[in-house]
Amino acid sequence: MGRLVAALLIFTLTGSLTAQQSGQVDWEQRFKQLPDPQRMKDNMQRLSARPHHVGSPYDKENAEWILAQYKQWGWDAHIEEFQVLFPTPKLRLLEMIAPAKFTAKLEEPAESVDPTSKQKDEQLPTYNAYSPDGDVTAPLVYVNYGLVADYEELARNGVSVKGAIVIARYGESWRGIKPKLAAEHGAIGCIIYSDPADDGYTRQVPFPKGPMRPPEGAQRGSVLDAPLYPGDPLTPGIAATKDAKRLRWQDAPSIAKVPVLPISYADAQPLLAALEGPIAPPNWRGALPITYRLGPGPAKVHLQLAFNWDLKPVYDVIATMRGSGEPDLWVLRGNHHDAWVNGADDPVSGQVVLLEEARALGELAKQGWKPKRTIIYASWDGEEPMLLGSTEWVEQHADELRQHAAVYINSDANERGYLDVEGSHSLQSLMNGVAKDVEDPESKVSVFKRQQARVLLHGTPKQQAEARSGGNLAIGALGSGSDFSAFIDHVGIATINLGFAGEDPSGNYHSIYDDFYWYSHFSDYDFVYGRALAQAAGLTVLRMADADVMPYEFEGLSHTVAQYIEEVKALLESRRKEAEDIRQNLNEGVYAAANDPRNPTVAPPAREIPPYLNFAPLDNAAASLERAAAHYNKALASAQGKTLSPDRLLAINQQLAQAERKLTNAQGLPRRPWMQHLLYAPGWYTGYSAKTMPGVREAIEEGRYTEAEEQVLLVAHSLQDEAAWVDQISKELAGN
Ligand SMILES: [Zn+2]
């Protein structure tokens, strides 16, 4: 409903109604014809021809080539450079010293059919960036995915990781969470391996015959504490310019606390096979032909790591097309260009889409189109180590962005499948509209219809009911894991992240096999989903840049907030139920009665029973926001057919662009001041996946009930501000 009203308004709000109407539609139609799969394929081959990680020669060459492309298409483009801490390995040693001797290879072999897999001289070895240096020897403990619940399960089995080295499998969390939780539980080292159950032969045929990770493939990646703050670890909150004031790397709080190394399952299997102790619970068992056991020991391992702690340059390519009507409102769009190795999928499949959009917009400009607002395209560097290029750029330009930015639209790796959209819920109806206007290249229905079908077949009963009603499909909330983080989490700019995925398993993430050979055999090799993404992201840019009233909408936000409030209430109740059950079981001797003396388990400790919390301030704020959202849609409808002066429209749009900022708090979340959004944040113990209403939710999850109540007030206050702000805009729209 809201979306429909907004769409009508775009076409009717100005005096030159008919011209405007056909003009808008015409430019969108022309735009959609332009993205060219063959160019994407050629550009992918060029950009992924050699390894191009931060600080490598080809990373710089790519940045310069991208710059030349933007300029050739008529953009005002330049490179912005920052100096960031980027450690590379000097020494990597992992050996088992008991009960048998084994030395891990730590090497991904070249494949004869895959030409770029042979570029050994330029490849970064397998490692986790921002592991500290270390030399540790200790018994090994298997910790499954290394999540909070996994440590509870270990405790039930009477296994402690204190003084041990843990081995965790990849998956289910941001990888930096694994060493973080290991260290919090007293471990002195952390190994992360790729189990074939998660991205190997269990799922599909391994590379090079299929897309999945081969025995000796390993996943590189950052282990920075991203939920604390992303970006250069030495310059939190400020840009990493040449003469910025820097922390010593030993003092940087986002660097992992214990040495950590990623390995293949070929290297992991002998270590896991040598473990004894309790049998791992059923859902902890991977797909290796061994009996998974927990330890500790008798496997004893020696892990030794040393790094070059160097500053390296990152090269962000920034291209601007100045707006003709409201140039001080900015529409931003970005995707990174750096990779761990050749990175055809991550990130080049997204980068070539971004470039095709920029070429198409340049083409429209040559044909006479002028964007109303300023459009900024960004090819970020340094995403892989932890969003370095985008975060430093946002920190450098934070004041301007707070004033001018209307939206940031992000993408990263793109594959075949469904259009996944996450982001600010004030853009939910815009994105539903975009999805209805882009055709799925395989099924030929709209990508909206395809996503709706997916929800109808696989969604929860509640999602199915919503999809059946034909309303807007809900978009997800943003956690972390790509360049949107600084925009939404730090500055509070309305943000969207989008891309196609879900049909091809991609098992070679962050390995030497994520390259042109892999992508052109196993992913979107005819680049038709590349074209569809260029159309979807491009239409989003065009609508944000050209609509008379920028297409925000607040009913989607208001519904989502109401849902988050129900969730945190339910969370408190389930915590209470758990605590009461444990207490009762302890009192009645239930754990002791069920114990198997040959496989003994330890009863869980009694927990504090949560107090009742006052959620009324949140309920009241949600009610205000619901009323404000309804007013806004009414005001939009009543403005239809009226001629609003350019000054009035500008004032309305400037206020709309500020609406997301009302959902932030300058003090940030408890213990993480960099994270300023009160509705979305990467989870403290999940990383990639979002915690919504994080201050309230995490305080309840972690049993800090006084803090939960403080956070309720803070969030309620900001929601009341948001409601008042939206009411003000509605008056501006409807008034005379
Ligand atoms: Zn990426």
Side-chain angles (χ1 to χ4, degrees), residues 40 43-44 47-48 51-56 58-59 62-63 66 84 86 124 128-130 170-171 174-176 199 219-224 226 230-231 262 314-317 333-355 377-394 408-415 417 420-423 478-488 495-502 504-516 518-519 523-524 529-530 533 537 682 687-689:
M40 293 188 203
N43 288 345
M44 174 179 283
L47 288 166
S48 65
H52 52 106
H53 52 270
V54 168
S56 67
Y58 206 60
D59 177 73
N62 273 350
I66 291 167
V84 296
F86 182 59
L124 279 174
N128 286 129
Y130 307 107
Y170 264 115
W174 160 244
R175 74 180 75 69
D199 63 4
Q219 184 192 130
R220 290 159 190 74
S222 173
V223 288
L224 213 59
V314 290
Y315 305 103
D316 291 337
V317 191
R333 164 84 177 98
N335 194 109
H336 70 103
H337 68 76
D338 69 299
W340 275 116
V341 197
N342 298 73
D345 181 34
D346 181 8
V348 174
S349 62
Q351 181 63 221
V352 297
V353 166
L354 181 87
L355 293 177
Y377 267 60
S379 294
W380 307 116
D381 198 357
E383 190 269 354
E384 292 298 356
M386 198 57 236
L387 325 179
L388 304 177
S390 55
T391 301
E392 299 313 314
W393 191 83
V394 168
Y408 172 66
I409 302 151
N410 188 71
S411 59
D412 202 319
N414 190 57
E415 291 147 19
D420 284 331
V421 182
E422 301 166 316
L478 283 170
S480 187
S482 193
D483 290 304
F484 52 78
S485 182
F487 290 92
I488 179 96
T495 293
I496 285 295
N497 183 51
L498 77 176
F500 288 92
D504 300 313
S506 52
N508 278 305
Y509 177 65
H510 294 182
S511 83
I512 63 170
Y513 315 116
D514 174 5
D515 58 10
F516 187 72
W518 182 91
Y519 199 88
S523 196
D524 178 31
Y529 279 93
L533 180 59
Y688 284 130
S689 69

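Ligands are counted one by one from 1 in listed order, and the atoms in each one are counted from 1 as well.
For the atom pair D504 CG and Y519 OH, the distance stands at 8.5 Å (nearest 0.5 Å).
For the side chain to side chain contact (heavy atoms under 4.5 Å, CB included) with N410, the qualifying choice from D483, L478, I488 is D483, the only one to do so. Screening N508, D345, N342 against Y513 for a side chain to side chain contact (heavy atoms under 4.5 Å, CB included) leaves a single residue, N508.
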Worksheet item: Between Y529 and S349, is a side-chain contact (heavy atoms from CB on, under 4.5 Å) present by the stated rule, with each step listed?
Response: CA-CA 10 Å; Y529 279 93; S349 62; over 6 Å; no
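Listing protein N, O or S atoms at distances below 2.8 Å from the Zn ion (ligand 1), with waters left out, gives H336 NE2, D346 OD1, D412 OD1, D412 OD2.
The closest side-chain heavy-atom distance from D515 to V341 is not below 4.5 Å.
Partners of R175 according to the salt bridge (Lys or Arg N to Asp or Glu O under 4.0 Å) rule, which considers only residues two or more places apart in sequence or in another chain, do not exist here.
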